[in-house]
Amino acid sequence: MILENATLATMTGPEPYGLVPGGALALEGGRILWAGPAAELPAEHHNRVRRDIGGRLVTPAPIDCHTHIVHGGDRAREFEMRLEGATYEEVARAGGGILSTVRATRGASEADLLATALPRVDALIAEGVATIEVKSGYGLDHETELAMLRTARAIGRERPIRVRTSFLGAHAIPPEYAGRTEAYLAEVCLPALEAAHAEGLVDAVDGFCEAIAFSPAQIERVFARARDLGLPVKLHAEQLSHLGGTALAARFKALSADHVEYATDEDTRALAASGTVAVLLPGAFYTLRETQAPPVAAFRAHGVPIALASDCNPGSSPMTSILLAMNALRGITLNAARALGLSDCGALAPGMRADLAVWNVEHPAELSYRIGFNPLAERIFGGAQ
Ligand code: DI6
Ligand code: FE
């Protein structure tokens, strides 16, 4: 099939957005065969079926590279408490926070987890999203961590969306291990990681490096096991304070360091050297009413690739909109793919998956400009409408 009369944001080449006005795309077998100015369409494609895109903008389909979209319950009451003045850490230390979601997730069946996740997934699909990352981390016991990851895989069977999973057993210390973090890692987290990997449930390994969670030395134990298993790593780092997670992530050549509000110049240089993507999560920044913005200018100056994601989770980012998170097309296409270790999506180029979004706009700037408006005209997943 040929898509013609389109403006392409290819995300390749020297032009901003790799913009090609009057562009055409040749698709076959779920892949992009050719992308470029319609006038240069090779003759071999001329007799394919043609579709007029009506001058609309075509981009790579958005990729949400950081979500906790599988979880039990909600934390709306806690949000209210925070509006009344309690801090995120105060709520967490009072037994709320992540641990209240752990209780709700442990109490849910896999069918419940899937049923509650799908409407959130559908909200992302409605904005054209074709790939999502989904983390475990609200089970914190062997069974529930695996149940979360099985649910994540089930999403990819229930909906036309590609799912990449991250094992996040090092997200919080469950109440039965309070004060015994090392024992939790040895007895639950690491064995669950191995079991989940053996079941083919793990694409990457993540952790939460924070004073209310795990120290860099503790995360390093998890990363070392990931390395032994041949799995890439990523890390929630420097979100609420500076603890050294970013440097650790860079040392392990992590796919991404996420949040990174408190990253320093030294961290920035380390990310640049390791090619690690900085994933910014404006939903959490907003919800937690954070004041320390990530060092975006330094990231840019040092060439650290920046991605953006929803962080969809019930506590710090109850957001199911990639358009609201984006503010830079590269952050939800090319760089988001890179944050997941994927090289077959995020750009319009030969060989890439035909995961496309067609928008009722003329220029990519309109996508990040409007707030709460969805101009998606059509979503193409693996070459199919
Ligand atoms: N950082 C976050 O923002 C989320 N997890 C994490 O490690 C918060 C998760 C939650 O509050 O439920
Ligand atoms: Fe997160």
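Residues: numbered from 1 along the sequence shown. Both ligands and their constituent atoms are indexed starting at 1 by order of listing. Model, not experiment: these values are computed from the prediction.
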Legend entry - Amino acids in close contact with ligand 1, where any non-hydrogen atom sits under 4.0 angstrom away: His68, Arg75, Tyr88, Ile98, Tyr138, His171, Phe208, His236, Gln239, His259, Asp311, Asn313, Gly315, Ser316

Legend entry - Glu266, CD: over 12 other non-hydrogen atoms inside 6.0 angstrom: no

Inset, instruction - May I ask you to list the protein N, O or S atoms found at less than 2.8 Å from the Fe ion (ligand 2)? - result: His66 NE2, His68 NE2, His236 NE2, Asp311 OD1

Inset, instruction - Check step by step if side-chain contact (heavy atoms from CB on, under 4.5 Å) holds for Gln239 and Tyr262. - result: CA-CA 6 Å; Gln239 179 187 7; Tyr262 287 85; over 6 Å; no

Legend entry - Exercise: do Thr151 and Glu110 side chains pair donor with acceptor under 3.5 Å: no

Legend entry - Aromatic ring proximity His197/Phe167, centre distance under 6.0 Å: no

Legend entry - Cation over ring face, Arg353 and Phe381, 6.0 Å, 45°: yes

Legend entry - Qualifying residue, where the test is side-chain contact (heavy atoms from CB on, under 4.5 Å) with Thr7 and the options are Thr59, Leu57, Val58, Val361: Leu57

Inset, instruction - Grab the two heavy atoms, one from Asp267 and one from Ala247, that are nearest each other, plus how far apart they are. - result: OD1-N, 4.0 Å

Inset, instruction - Would you confirm whether the ring centroid of Phe208 sits within less than 6.0 angstrom of the ring centroid of His236? - result: yes

Inset, instruction - Compute whether any side-chain donor of one residue and acceptor of the other, for Ser241 and Glu210, lie under 3.5 angstrom apart. - result: yes

